[in-house]
Amino acid sequence: MCQNHKEPSANPSHFESISSAEEKPTHRDLLWEDYQNLIQGMRFFDPHIHMVSRTTDDYQMMAKAGIVAIIEPAFWVGQPRTGLSSFKDYYSSLVGWERFRSSQFGIKHYCTMGLNSREANNERLADEVMEILPLFAYKEGVVGIGEIGFDDQTPLEEKYYRLQLELAKKAKLPVQIHTPHRDKKRGTERSMSIALEHGLDPSWVVVDHNNEETVKSVLDQGFWAAFTIYPFTKMGNERMVNVVEKYGSERIMINSSADWGISDPLAIPKTAALMIQKGIPLEVIRMVTYQNAIDAFAKSGQIDINDFETEFQPDPNAKFHGNSILRGGQQPVPNKNSLFIQ
Amino acid sequence: MTDIPTNLTQFLFEQTTRTEREWLEEQTTKNDLDLMTAFVAAPRFLSKKIVSYDSKSKGNLIPNLIGFQVDGWNLVRLTRVWLLLHLTPEPKEQFVKNIETLFDTAELNELVALYSALPVLPYPREWLPRATDAVRSNMGFVFDSIALSNPYPELYFSELAWNQLVLKTIFNGKPIHWIYGLDRRKNKELAIAISDFIEERFAAGRKLPLQIWRLVAPFVDESKHPKLISLLNSNLQIEREVAALVCFESKNLELLSLLSKYPDLELSIKNGELDWSKIESIPE
């Protein structure tokens, strides 16, 4: 990509949007700190967030805002990987270091495993990845095959999407579908019809990154409809409130997809606060920000709600492979309001 | 598939429920790739209950491999080792590649199972780089799986690698008496390194695990005289006993005459009441 600089990039990045000039962020007009008390005591589950590209500050804020568990789908790291080893290390980090880091903030970390659609276009490497993918898909705490699906909607993307649907069926794991940024409506329909063609039960499939244009068809066909609250490119949370008002809470879930782009790991609690402010019933909010994600991914047999519903105290002395996130006597929860950084 | 010891299969099956056993039996019909997947997927089909096996009363699980023991393992670990024995051993290149792939993609519990399996896998010398790597590891459970109660290091490690293993066990504050073959592979180089370590600790006024003296004892000479005197006059009975054992095993005339000044200790050693097994304790 980008070999001919006169042409527009074939793969605009996550936060590039053709129509970004017309869209305005809508949630910066209100100050989050004024609304935090609305969600006091609530519990959230973010079923799509790429913590590998986030900082410990994010973990701290997430824990404080009530996020008790997350799912990290395997995805694109912002640049193409050049060899199988990079995939192995990345997948290992999802079940290893990242899970440990998260636990240090009292957040239960699950993940989904998959070959992302962009990198499916490198056939030689994709074949190698498919050989080792089962060795990761069956690991403990892996709650699905994801995120998989289409980006450019090429034949190679389709080939590896189909192969991974078969893996999901064999491994009895839910599927998490990434729907494309461009030509989304057709890409979403195509993803669903291929999943049905492979005999997948739609109640085992979460279709992600929905918008007002795709939601009805996804729900009508029996799939889970996930919405990503991601500034500029995906859903805004005011729009999300309208979707919930219109479609209710059944099979709808919200996530942040926060990653290396301009995104917000607090997308769920912020949306919940907005919903409360707009008078959406608490039970509806609980379903779309917590329970539905658990119900969908617990089909993997890998989610035990006791791991995050009972009072969980992180062990600040715990280590992963002998390593700690803490440096020289640090405590995991420093006083953020203090000017002194000790 | 290599010859799988009947005792091992029988013991494994005794530990399982009917559904678990059916799953295990199904795996034996699978090809290598599916077996490798089963190795990873085992916790999805089996409980993690702890198994206990007393080889003294029941005999060895693996004939001709006395040090191989599974007591205290969980069922998943035992199953994983057993599954690895079902991989096709020929051709060698393919077998080695399969094991290497499992190492490359393993999470912590899988690594523990892989290192536990090393003494029973075909082509044991192929795994030496992995095994010595595990000794360098900071992962506690991984380190334990190669260093403690595993016959592989005694059988295949070079002296240099063996000594590193023992030293690392001491530095990690783990019980050296759980290293299989410890007494058989005592050596002069190791004794020198440990002797230096003892000096350092004394200089820094720090405590040291008393058990390590057993590795020095056969090689010690009168240069350790002052330290042994201070231990023999210690308020702690265990320190007096350690010093007495060191003097006794040194076969050094000066140290033996030093020991003779403590006749009760000397007598209990000669009577077989005092030996290193009395000093074996798990570090705090």
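Only heavy atoms go into these numbers, but all of them, side chains included; no hydrogens, no water, no symmetry mates. Quantities reported herein were computed from a predicted structural model and do not represent experimental measurements. Residue numbering restarts at 1 for every chain, and letters A, B, ... go by the order of the sequence lines.
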So, taking the atom named [atom1] in [X] and the one named [atom2] in [Y], what distance separates them when rounded to the nearest 0.5 Å?
X: A/Tyr91; Y: B/Thr105; atom1: OH; atom2: OG1; result: 12.0 Å
X: A/Lys170; Y: B/Asp34; atom1: NZ; atom2: CG; result: 4.0 Å
X: B/Glu107; Y: A/Glu140; atom1: CD; atom2: CD; result: 6.0 Å
X: A/Ser85; Y: B/Asp104; atom1: OG; atom2: CG; result: 7.0 Å

With sequence neighbours left out, what residues match B/Thr101 under side-chain contact (heavy atoms from CB on, under 4.5 Å)?
A/Ile132, A/Leu135, B/Met36, B/Lys97
Using side-chain contact (heavy atoms from CB on, under 4.5 Å) as the criterion, list what pairs up with A/Ala137, not counting sequence neighbours.
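By the side-chain contact (heavy atoms from CB on, under 4.5 Å) rule, A/Ala137 matches A/Ile145, A/Leu167, A/Leu173.
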Heavy atoms of other groups near A/Glu197 CD, more than 12 under 6.0 Å:
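Count over threshold, so yes.
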Around B/Phe13, counting heavy atoms of other residues, nucleotides and ligands shown, do more than 12 lie under 6.0 Å from its CZ?
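Check passes, neighbour count above 12.
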Measure distances from B/Ala42 to the heavy atoms of chain A and classify the residue's part below 4.5 Å as side chain, backbone, both or neither.
neither
Pick from A/Glu131, A/Lys172, A/Lys139 with the largest number of heavy-atom pairs that fall under 4.5 Å of chain B
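The option with the most such pairs is A/Lys139.
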Please identify, among B/Pro43, B/Ala38, B/Ala106, the residue contributing the most non-hydrogen atom pairs under 4.5 Å to chain A.
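Option with the top pair count is B/Pro43.
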